[in-house]
Amino acid sequence: YKASSLQLTKRFLEHNMLFIRPSRVNDIDALLDISNSVGNGMTSMPTCAKSWEKKLASSDMAFNSPQAPEQACYFMVLEDSDTGKIAGTTAIYNGLGLSQPFYSYQRSTITNESATLNTSKQNETLTLVEHFKGATEVGSLFLLPEYRKPGVGQMLARSRYLLMADSQQRFSERVMAELRGWVNNEDQSPLWQALGSKFFDMPFQDAVTIAADRKSTRLNSSHNSNLV
């Protein structure tokens, strides 16, 4: 950080004692409130209570497992100790695509040439791939607007890498992140309209809700003991 950012962060933290901790099952109401303020398109922040129950139970078991689960969620929250309020979220998802396929699109350019016609044409293509099978994903990064001070978001984001460095045996050497796609003022996704809707006859937000639930249900939930 630059000196100015450090000074501003220090002043903010002096008045707001913030700390990062593993999520708890009784955080569900606060997390549902945060989910509703996140907006559409963030599949790792469901607006369904049952999905959160599964995610929080999985995270609790993962943190308390004596051995590294093959597939797990490590969900953490940023808490304001002065008020007990949850100010933000961050998470690590391990073992992508092991129980259910984790698809992505690879963007490529194909060039077609004809010496006879003396022409050359390029076409962009999307190919369905599973390049991130078994990888670790960082996600669920969100900070309430009133806590968006210099350095706080960076602290929240980088806490995931500190956990991975401290427990390297639990995570893959390949780490990736999904970025929420752009939506317009009507909460419509151009990518979904042009591609996804051709295969799945449902609105974009319905697809997001299903994806969020699948992310919660695919998490391994059969561990116990103590990590932190």
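A single hydrophobic cluster is not seen to contain both L162 and V152; linkage of ILVMFWY side chains at heavy-atom distances under 4.5 Å, directly or through other members, places them apart.
Of the possible donor and acceptor atoms, none in the side chain of S65 sits under 3.5 Å from a partner among the backbone N and O of A68. Within the 3.5 Å criterion, the main-chain N or O of L31 finds a donor-acceptor partner in the side chain of S35. Judged by distance alone, with hydrogens and angles left aside, the side-chain atoms of D80 form no donor-acceptor pair with the main-chain N or O of G84 at under 3.5 Å. With R174 contributing its side chain and H131 its backbone, the two residues share a donor-acceptor pair below 3.5 Å. Without hydrogens or angle criteria, S167 side chain to R170 main chain gives no donor-acceptor distance under 3.5 Å. A donor-acceptor pair is defined here as one N or O able to donate and one able to accept, closer than 3.5 Å; no such pair exists between the side chain of N123 and the backbone of T111.
Under the 4.0 Å criterion applied to side-chain N and carboxylate O atoms, D27 and R21 are assigned as salt-bridge partners. Remark: R160 does not engage E137 in a salt bridge, criterion side-chain N to carboxylate O under 4.0 Å.
For the pair E130/F102, no side-chain contact is recorded, criterion being any heavy-atom separation below 4.5 Å from C-beta on. Residues I28 and L56 form a side-chain contact, since some pair of their non-hydrogen atoms from C-beta on lies under 4.5 Å apart. By the 4.5 Å heavy-atom criterion applied to side chains, M164 and V138 are counted as neighbours. Using a 4.5 Å heavy-atom cutoff, the side chains of L18 and Y147 are in contact. Contact of the Q100 side chain with the Q71 side chain is not registered, since no non-hydrogen atoms from C-beta on lie closer than 4.5 Å. Annotation: side chain of M45 is in contact with side chain of T89 (closest heavy-atom distance under 4.5 Å). Contact check for F142 versus L156: no side-chain heavy atoms found under the 4.5 Å cut-off. Using a 4.5 Å heavy-atom threshold, the side chains of L78 and I86 count as separate.
Q106 CD: more than 12 foreign heavy atoms inside a 6.0 Å radius. Heavy atoms of other residues, nucleotides or ligands lying less than 6.0 angstrom from CG of D201 number 12 at most. Surrounding CG of N118 are at most 12 heavy atoms belonging to other residues, nucleotides or ligands under 6.0 Å away. Applying the 6.0 Å contact sphere to CZ of F200 captures no more than 12 heavy atoms from other residues, nucleotides or ligands.
For T136 and S172, the side-chain atoms include no donor-acceptor pair closer than 3.5 Å. For Y74 and S23, the side-chain atoms include no donor-acceptor pair closer than 3.5 Å. No donor-acceptor contact under 3.5 angstrom links the side chains of E113 and T119, judged on distance only. In summary, the side chains of W52 and T47 do not present any donor paired with an acceptor at a separation below 3.5 Å, with no hydrogens or angles considered. Between the side chains of Y93 and K55, at least one donor N or O lies within less than 3.5 Å of an accepting N or O.
Rounded to the nearest 0.5 Å, atoms OG (S59) and CZ (R24) are 11.5 Å apart. Rounding to the nearest 0.5 Å gives a distance of 13.0 Å between NZ of K133 and OG of S104. Put simply, CE on M155 and CG on L143 are 8.5 Å apart, with the number rounded to the nearest 0.5 Å. Of the inter-residue distances, the one linking D166 atom CG with F171 atom CZ reads 9.5 Å to the nearest 0.5 angstrom. One finds the CZ atom of F75 at 7.0 Å from the OG atom of S44 (value rounded to the nearest 0.5 Å). The CD1 atom of I92 sits 7.5 Å away from the OG atom of S159 when rounded to the nearest 0.5 Å.
You'll find the ring centres of F199 and W192 outside the 6.0 Å limit.
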Next item on the list: Could you give me the CA-CA distance, side-chain angles and deciding distance for Q122 and N112, then say whether side chain to side chain contact (heavy atoms under 4.5 Å, CB included) is met?
Entry: CA-CA 6 Å; Q122 290 186 330; N112 297 305; over 6 Å; no
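Taking E124 as the reference, R107 meet the salt bridge (Lys or Arg N to Asp or Glu O under 4.0 Å) condition, with sequence neighbours excluded.
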